[in-house]
Amino acid sequence: MTGRRLAWMMVAAGLVAGCGDKTAQTGGKQAVLIGQASPLTGPQAHLGKDNENGVRLALDEINAAGLTLGGKKVVLELKSEDDAADPKTATTVAQKLVDEGVAGVVGHLNSGATIPASKIYSDNGIPQISPSATAVAYTSAGYKTAFRVMTNDAQQGSVLGAYAVKTLGARKIAIIDDRTAYGQGLADEVEKAVKAAGGEVVAREYTTDRSTDFMAILTSIKGKAPDLVFFGGMDPQGAPMIKQMHQLGMTAKFLGGDGVQTPAFIALAGPDAEGALASNPGLPLDAMPGGSAFKAKFEAKYGKIQNYSPYAYDAVHVLVDAMKRADSSDPAIYLAELPKTDYQGVTGRIRFDAKGDLAGGAVTLYQVKNGHWQTLETVRSGK
Amino acid sequence: MTKRPPRWLAFSVLALGLAALPFLVDLGMGRSWVRLLDLALLYVILALGLNIVVGYAGLLDLGYVAFYALGAYVYAWLASPQFGLHLPFWAVLPLGAMLAALFGVLLGTPTLRLRGDYLAIVTLGFGEIIRIFMNNLNAPVNITNGPQGINLIDPVRLGAFNLSEPHRLFGLTFTGIHLTYYLFLLFTLLVIFVSMRLEDSRIGRAWVAIREDEIAAAATGINTRNLKLLAFAMGATFGGLAGGLFASFQGFISPESFNLMESIMILCMIVLGGMGHIPGVIFGAVVLTLLPEALRYTGDWQRDLFGHVYIDPADLRMLLFGVALVAVMLYRPAGLLPSTRRRREFADAQG
Amino acid sequence: MDIFLQQLINGLVLGSVYALVALGYTMVYGILELINFAHGEITMIGAMVALAVIGALTLAAPGAPGVLLLGAGLAVAIPVCVALGLVIERVAYRPLRHAPRLAPLITAIGVSIVLQNVAMMIWGKQYIPFPGILPQGRHEILGATVSDVQVAILVLAVIIMLMLILVVQKTRLGRAMRATAQSRQVASLMGVDVNRVIAATFAIGSALAAVAGVMVSAYYGLAHYYMGFLLGLKAFSAAVLGGIGNLGGAMLGGLLLGLIESFGAGYIGDLTGGFLGSNYQDVFAFFVLIAVLVFRPSGLLGARGAERA
């Protein structure tokens, strides 16, 4: 019986055998592969596609401008993979990208996928820049190859908590999170910062990243009469949440993190979005040199920015910037240049600290006014 | 009867083939496929475990992933910086499997009276309950580290021999994923052996009797209660074992790895392969692990065929996977490699 | 008191949506003993089609009254879902009617994956907002608030359920359905066209799913190709809670599940002295479900002692 098993395994292997790696040789130029990994299917596919588009735009621009490394013309080529926001698939995808010989990786989207994948990139010496993973654990594992162009939860949470109490003058604060690595991580840091600033957390409620009904938890929050509700989570939950707050006649302010500071939040919440507050790391796109140009180009090609594409776009530039300084696309050589990065991107000035986190990451606060996110102010995170 | 080659020859060819497989795959298809091979073996263990519950005893279990999670978390608790414990894997793996078995009995006891889809929904609930606890037990006391998961889990180590690092032996370089393959293969063979022995035993036949007609089975003097509990416990043991192996292999676990879809996928493996039939289950597990990955190449296929990528491979991948599930079931309703017994039953039902 | 009343209203609205979807599960199960896993996806398709129609009409006829637009959306979504339900039954389930029990479950999972991915390719990966075309009025009752949409959902759900009961109890089709559920063979001996009855069951279930899908997207203000999965799962749990195969059970189970979730999330902290919070609301819901099934193994209103293995 087991002999049949082997035969079948061979057949299965044969089925997929014709798919070995294909490293392109593009017209005499040397191709350098840049990996991108994010969920392209499943509930977060819209964000994953957005990251992929950000990477693609950067690659197209760099190729159009021409890139020469070590005296050779180089063409950057995208290898994009779907990690389905699943930790196991993420490691498979990471190994696949490594096999295909990528020189660097922009990804992954979620912390839960980024962390296990980072071990594989580290084992193989491939630099990785996540445009959106915020969990502290990603860079604290001590891998030399792990970087991010996004503030971590501690950085953003400390700013948000202090801002809620000191600037917005909220005394009683309710905190909701979606029990994902992102939402919970951010909400915990906000809670700490709120308490440190002298605010009171009157309610701590929870939902999931699949829910759309928050009436029950909002009703019990309403009973505690908070001045402000902080939500650690993404826009598909944030938008119905603020709608339901208004439906219940709640007047508390609504504050969120980068997950809700998106055009989709306004589109989904409609008029109810008015007055909502949220933060996003870095500087406002419109205020950055090249920011508006990026936005115009991106939206002409791919439609509205969902959330993290500017960070993905910057991540590519940071990789290529290091390659240029090292004059090589060999990961073993240009990796040494990455920690020295000082790059002016569309999301702000990018430098890394010893761990690979964004050094002195700035956080900008926004508010919805007349159906648009308006910049309130930019705060330096103390961490 | 055609003359068959002697048994020892068949076995040595098989053994040699299995031993050489990771190197052949590495050379022919790249290292990521060796990694997938490791995962495929892991799923073979899981599928064989679930097969005991669903295939042999006929108890539809949609919460099997809970045992997988328990095994993984036990490993992570006892061999990671989470509690600062770093016990060796040979001590941790059995503990995880035992705890999973205990929970198998815990789940089994209240659900003994339930049948079919009622059992399915209760086990589904059990799976979700375990996952939700794992996801939330970071406060008030941090046990699981919640949604952040547990990172830097120890790899399998035997004395100074670290399984996750490359080693040179007999002039060949064995990387971590190669060595993991042999470790997983060892456990897979063990699980296959246990499954085969169970199938042919009094216990195995009693399970089949319960599956076919519980009342008649009880009437013939089979202790249906104990045997059902034993099925849950055995299945859970394999699940817990696989969980421990998964944790050591990944080095990081978080509750999102143990969701309902995972249970459903394992169920698909055994039904697609041929329920209650060991070669079928193995085949189903291997195919369903490799198929979604093979479908990543649909972009290349399109380029080769039409010279252009019409549909984003990421969009097409899961679609084709779904179509494959439907198609296989329509044309082989008893599975790809059904046992002779099931094939006969099915032929009867058709007639 | 106002909080209690508010939670009651929250739970009833949520529960009536679950009940509508659960009816589709339970009707199919009653006749075929099949868990139609793709049923959740049909609610999603219903929402997506209705949104597409409403979007097109708002462009074509700006300023048209919202209720009319919604009606037009439903008028297209229902036939589309009915057709889809019939096709799924014909292609994926009918050939497997005599196959081993779990085979159709796997095709159902396959169909559900296919529908999700097709919807993703047609309507995109992003969340689609439901346009603000419906009246946004709120009413205060004894310190609790109810919105127009909530009232509409409750009223519509009650009307639909009453109609369904009338169809099943009073019409020829209903009698044929009940007969088929009792025994397919005997029913066909009595001259019932079993295939037609099964098709009609799928059609009715899909129509209910379409309505529920539109309700959900109007209520929460968004639609997404993945929205069907969780809704389907909850509705299936509700159907089992009530006793799968039993129409009244699905309605009761749906309402109960809505109330359990609502009160669970609202009061679990007080009940456990602050030890467990709303993060355990699903645990609470599943515990209730398990407890009910342990004491009543065939659900609340399920046939007792019936051999349904």
Side-chain angles (χ1 to χ4, degrees), chain B residues 54 58 60 110-111 113-122 124-126 128-129 132-133 135-136 139-140 146 211 213-215 260-261 264-265 267-268 270-272 275 311-312 315-335 338 342 345-346 349-350, chain C residues 29 33-35 37 91-92 95-96 98-118 120-121 125 229 233 236-237 239-241 243-245 274-277 279-283 285-291 293-299 302 307-309:
Chain B
V54 183
L60 181 51
T111 57
R113 292 204 298 152
L114 297 176
R115 284 150 192 276
D117 304 302
Y118 293 98
L119 181 66
I121 199 82
V122 167
L124 183 154
F126 177 76
E128 283 294 284
I129 286 172
I132 294 169
F133 270 101
N135 204 28
N136 290 305
R211 178 184 79 199
D213 190 334
E214 192 173 338
I215 295 168
L260 174 64
M261 250 349 248
I264 291 179
M265 272 302 127
L267 183 69
C268 285
I270 66 174
V271 177
L272 202 83
M275 228 173 28
I311 306 176
D312 194 338
D315 291 355
L316 205 54
R317 190 166 76 95
M318 288 318 282
L319 181 69
L320 289 179
F321 183 70
V323 170
L325 282 186
V326 177
V328 169
M329 280 296 108
L330 287 183
Y331 292 102
R332 305 289 302 257
R342 276 194 88 79
E345 277 169 17
F346 182 55
Q350 286 286 68
Chain C
Y29 191 91
E33 294 192 6
L34 160 78
I35 305 173
F37 238 94
V91 174
L96 291 174
H98 302 287
R101 260 185 56 75
L102 286 179
L105 180 70
I106 305 296
T107 49
I109 293 167
V111 168
S112 144
I113 294 175
V114 169
L115 288 181
Q116 267 178 30
N117 283 279
V118 168
M120 179 177 91
M121 286 160 88
K125 300 179 177 193
F229 181 74
L233 196 67
F236 173 59
S237 312
V240 174
L241 179 65
I244 194 156
F275 181 66
L276 300 178
N279 41 345
Y280 292 98
Q281 62 161 307
D282 285 350
V283 170
F286 278 120
F287 262 127
V288 173
L289 183 73
I290 291 173
L293 290 183
V294 165
F295 292 106
R296 287 191 67 93
S298 311
E307 183 83 355
R308 287 213 195 278

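Just so we're clear, the structure is a prediction, and the values are computed from it rather than from any experiment.
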Q: Evaluate the side-chain proximity of L233(C) to L124(B): yes if any heavy-atom separation is below 4.5 Å, no if none is.
A: yes
Q.
In the structure I gave you, are the side-chain heavy atoms of L102(C) and V54(B) within less than 4.5 Å of one another anywhere?
A. yes
Q.
Quick check: closest heavy atoms across I121(B) and S237(C), and the distance to 0.1 Å?
A. CD1-OG, 3.6 Å
Q. Quick one: are C268(B) and I109(C) in side-chain contact, heavy atoms under 4.5 Å?
A. yes
Q | I129(B) vs I290(C), side chain to side chain contact (heavy atoms under 4.5 Å, CB included): CA-CA, chis, key distance, verdict | A | CA-CA 11 Å; I129(B) 286 172; I290(C) 291 173; 4.2 Å; yes
**Q.** Segment of L293(C) engaging chain B (4.5 angstrom heavy-atom cut-off)
**A.** both
Q.
With chain B as the partner, which of V283(C), V118(C), I113(C), V294(C) has the greatest number of non-hydrogen pairs under 4.5 Å?
A. V283(C)
Q. Of all heavy-atom pairs between R113(B) and F295(C), which one has the smallest distance, and what is that distance?
A. NH2-O, 3.7 Å
Q.
With a 4.5 angstrom heavy-atom cut-off, is it the side chain or the backbone of L119(B) that approaches chain C, or both, or neither?
A. neither
Q: For residues F321(B) and N117(C), determine if any side-chain heavy atom of one lies less than 4.5 Å from a side-chain heavy atom of the other.
A: no
Q: Check the pair F133(B) / Y280(C) against side chain to side chain contact (heavy atoms under 4.5 Å, CB included), numbers first and verdict last.
A: CA-CA 8 Å; F133(B) 270 101; Y280(C) 292 98; 3.6 Å; yes
(Q) Which atoms of L105(C) are under 4.5 Å from chain B, going by heavy atoms: the side chain, the backbone, both sets, or neither? (A) side chain
Q) Between G58(B), G125(B), A139(B), which residue shows the highest count of heavy-atom pairs closer than 4.5 Å to chain C? A) G125(B)
Q: Using non-hydrogen atoms and a 4.5 Å limit, figure out which bit of L260(B) sits close to chain C: side chain, backbone, both or neither.
A: side chain
(Q) Tell me which of these, L272(B), V323(B), L319(B), has more heavy-atom pairs under 4.5 Å with chain C than the rest. (A) L319(B)
Q. Can you tell me how far the CD1 atom of I264(B) sits from the CD1 atom of I106(C), to the nearest 0.5 Å?
A. 9.0 Å
**Q.** Region of L241(C) in contact with chain B, defined by heavy-atom distances below 4.5 Å
**A.** neither
**Q.** Least distance between heavy atoms, P333(B) atom then L96(C) atom
**A.** CB-CD2, 3.7 Å
Q: State, to 0.1 Å, how close A92(C) and L330(B) come at their nearest heavy-atom pair, and which atoms those are.
A: O-CD2, 3.9 Å
Q | Min side-chain heavy-atom separation N279(C)-I132(B) under 4.5 Å | A | no
**Q.** Side-chain touch L289(C)/V122(B), heavy atoms, less than 4.5 angstrom
**A.** no
